[in-house]
Amino acid sequence: MATQKSPSIAVYPGSFDPITLGHLDIIRRAHRLFDRLVVAVANPLRKSPLIPLDHRVALIQEVVQPFPNVTVEKLEGLLVDFARAHRAVAIVRGLRAVSDFEYEFKMAWMNRRLCPEVETLFLIPSEEYAFLSSSLVKEIAFLGGDFESLVPPPVARALRTYVSQHKDPGETFHEPPESGL
Ligand code: ADP
């Protein structure tokens with residue numbers, strides 16, 4: 001009797017404050033490798049995000065519409081619990097430069113210790129996105145530079161609104177990556 005293979009599911013976690021073309025590049029690559037990709041949107045642990053969680057989820061849902069096997073959910077607890085609950089086989093992370101490596105490596109080891117059955121898979125973006133980060137996009141936006149070519153159009157519109165409302169940009173800059181666990 002033929003046994004049915006269970007679908008391969010991966011989780012792509014991050015704070016996505018905001019989602020950039022670099023994140024989207026990783027989503028485009030990862031969605032081809034798995035039957036389903038769940039983008040898990042977290043709040044940074046010790047910072048207030050510029051864009052509220054529900055709005056970040058809605059924006060990502062809008063920009064991943066071309067990928068029918070990609071869904072978007074809030075991530076509120078431990079990443080490995082989320083991965084287990086979704087029966088995920090992998091956690092996807094993006095690697096831009098050597099500077100990402102140490103943090104990502106630690107996080108992957110720790111997640112393996114917490115949940116040995118889930119692998120962390122690192123993907124490398126197109127080189128045009130290798131310099132791109134959410135904090136850099138926010139910094140450029142607050143300083144009045146051209147950030148529109150770095151994020152999808154609905155995100156650029158939202159960012160313009162948040163930047164014009166936000167009076168204290170300092171706390172949203174240079175956040176350390178924190179949502180890998
Ligand atoms: P976190 O707070 O977990 O670092 P981010 O939203 O900043 O969340 O990033 C989520 C994931 O996407 C991380 O693995 C990060 O390295 C990756 N990433 C961020 N920007 C890029 C980019 N330009 N190219 C490739 N990967 C990226």
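Just so you know, ligand 1 is whichever comes first in the structure, and atom 1 is the first atom listed for that ligand.
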Should L33 and Y12 be regarded as members of a common hydrophobic cluster, given that ILVMFWY residues are connected when their side-chain heavy atoms come within less than 4.5 Å of each other, either directly or indirectly?
yes

Which pairs, with at least one residue in residues 150-161 and sequence neighbours excluded, count as a side chain to side chain donor-acceptor pair (under 3.5 Å)?
E148-R160

Heavy-atom contacts under 4.0 Å between R96 and ligand 1: side chain, backbone, both, or neither?
side chain

Distance-only N or O hit between ligand 1 and H23, under 3.5 Å
yes

Among the heavy atoms of P13, does any lie under 4.0 Å from an atom of ligand 1?
yes

Closer than 4.0 Å to some heavy atom of F16 - which atoms of ligand 1 meet that?
6 (O)

Below 3.5 Å, N or O to N or O, backbone or side chain included: is there any such pair between Y12 and ligand 1?
yes

As an exercise, identify every atom of ligand 1 less than 4.0 angstrom from a heavy atom of P125.
24 (N), 25 (C)

Numbering as shown, the atoms of ligand 1 that approach G94 to under 4.0 Å (heavy-atom distance):
14 (O), 15 (C), 16 (O), 17 (C), 26 (N)

D17 N/O under 3.5 Å from ligand 1 N/O:
no

Side chains of S6 and R87: closer than 4.5 Å at any heavy-atom pair?
no

Kindly indicate whether the side chain of V80, heavy atoms from C-beta on, has any atom under 4.5 Å from the side chain of V118.
no

Measuring only between side-chain heavy atoms, which start at C-beta, is R93 closer than 4.5 Å to M107?
no

The residue among V92, V70, I9 that forms side chain to side chain contact (heavy atoms under 4.5 Å, CB included) with F34 is V92

Using a 3.5 Å cut-off on N or O atoms only, is S134 in polar contact with ligand 1?
no

With heavy-atom distances below 4.0 Å as the criterion, list the atoms of ligand 1 near G14.
3 (O), 6 (O), 8 (O), 10 (C)

What atoms in ligand 1 come closer than 4.0 Å to a heavy atom of E104?
13 (C), 14 (O), 16 (O)

L132 versus ligand 1: do any nitrogen or oxygen atoms come within less than 3.5 Å of each other?
yes

Show which side-chain atoms of residues 119-132 pair as donor or acceptor with protein atoms under 3.5 Å away, not counting sequence neighbours.
unit_1: E119; atom_1: OE1; unit_2: R112; atom_2: NH2; d: 3.1
unit_1: S126; atom_1: OG; unit_2: D25; atom_2: OD2; d: 3.3
unit_1: S126; atom_1: OG; unit_2: R29; atom_2: NH2; d: 3.3

